[in-house]
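I have placed the structure first, in the form of structure tokens, so that the comments after it can refer back to it.
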Amino acid sequence: MKTTLSALLLACLLPLAAQADSGNKYGGENRGKPVMPATANKLWQQECGSCHIAYPPGLLPAPSWTRIMGSLDKHFGEDASLSPAENKEITAFLVNNPSNRWSASTAPLRISESRWFKSKHDEREIAPEVWKRPSVKSQANCGACHGGAADGDFNERRIRIPR
Amino acid sequence: MKEILIALAMLTTLPAVAAESPLLSDLRAAARQENPSFKEFSAARGESFYNAKQGDIGCTSCHTASPKNAGKHAKTGKEILPLAPSVNAERFTDAAKVEKWFKRNCNEVLQRACTAQEKGDFIAYVQSVK
């Protein structure tokens, strides 16, 4: 009887223990951290959102943002240069709210290079044909399927893949 | 009497001068610096500049055949609001924004900075499209 009680007690406590442990579960990553901080920087929204959606800062690690902001005159083949003051303000916002999901020491430039992006969008999930649709265009076009992408909303329940 | 008449004439022409965006007067001064024989911006020259292609890209690649239309970023597909102030009053009101986009787009299309005359001609054309 005593052992059954202990076992029961343990079973009840285990989920708690697992929860308390979750901070270390993914090697220190906080997977519950939203990709968008509570207050978004206005200049970031305006400037980074003029040619594409303003990608939320939590989608890339800090070294990536530093690299991107340091080469805006050659931004994926285009000149997206800003004034030094604008650049400084936006860089600060990005590197202060980065992803902590990446453990790679490299500074990748594309969100789609990450392992979690690839696993979420692999061939079983998204057929290769989907990416080629004119309504989708490329992996950079988050908003094609994630209607709330510009607000940092990537909730699976709100995905709508266009025809 | 003559002085009064001149003063009156000046007063009536003043609003017309004030209506021009300070952007254009700054560009005109810069154009004179670049070329002492420069006279005035030309909407006609601006129109040919707008429609010109460098290889397969030009202004129309993103801004469409008419500055009155909403455009689309050639690569991302993101909407670009119309350039013509006749349909989008906010255009050419913010000098820093205008310079930022001339810098980017001239580099993109011409692989060089645009001259003050090219910029002024471009604005003269886009403003003339009603």
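Quick note on labels: first sequence line is chain A, next is B, and so on, each numbered from 1.
- With a threshold of 4.5 angstrom between heavy atoms, B/Lys103 approaches chain A through its backbone and through its side chain.
- Proximity to chain B (any heavy atom under 4.5 Å) is shown, for A/Ser83, by neither the backbone nor the side chain.
- Residues B/Ile80 and B/Thr64 form no side-chain contact, since every pair of their non-hydrogen atoms from C-beta on lies 4.5 Å or further apart.
- Within the 4.5 Å cutoff, the side chain of A/Pro37 has heavy atoms near those of the A/Pro57 side chain.
- If you tally non-hydrogen atom pairs under 4.5 Å between each of A/Ser50, A/Gly77, A/Ala140, A/Ser138 and chain B, the highest count goes to A/Ser50.
- In this structure, no portion of A/Gln46 lies under 4.5 Å from any heavy atom of chain B.
- In terms of modelled atom types and a separation under 3.5 Å, the side chain of B/Asn51 and the main chain of B/Glu47 share a donor-acceptor contact.
- The residues B/Arg28 and B/Glu40 are annotated as salt-bridged, a charged nitrogen and a carboxylate oxygen being separated by less than 4.0 angstrom.
- Aromatic ring pairs are classed by plane angle as parallel below 30°, tilted from 30° to 60° and perpendicular above 60°; the pair B/Phe122 and B/Phe102 is perpendicular.
- Chain A forms more heavy-atom pairs under 4.5 Å with one residue of B/Lys78, B/Glu108, B/Arg104, B/His73 than with any other, namely B/Arg104.
- Heavy atoms closer than 4.5 Å to chain B are found in both the backbone and the side chain of A/Ser81.
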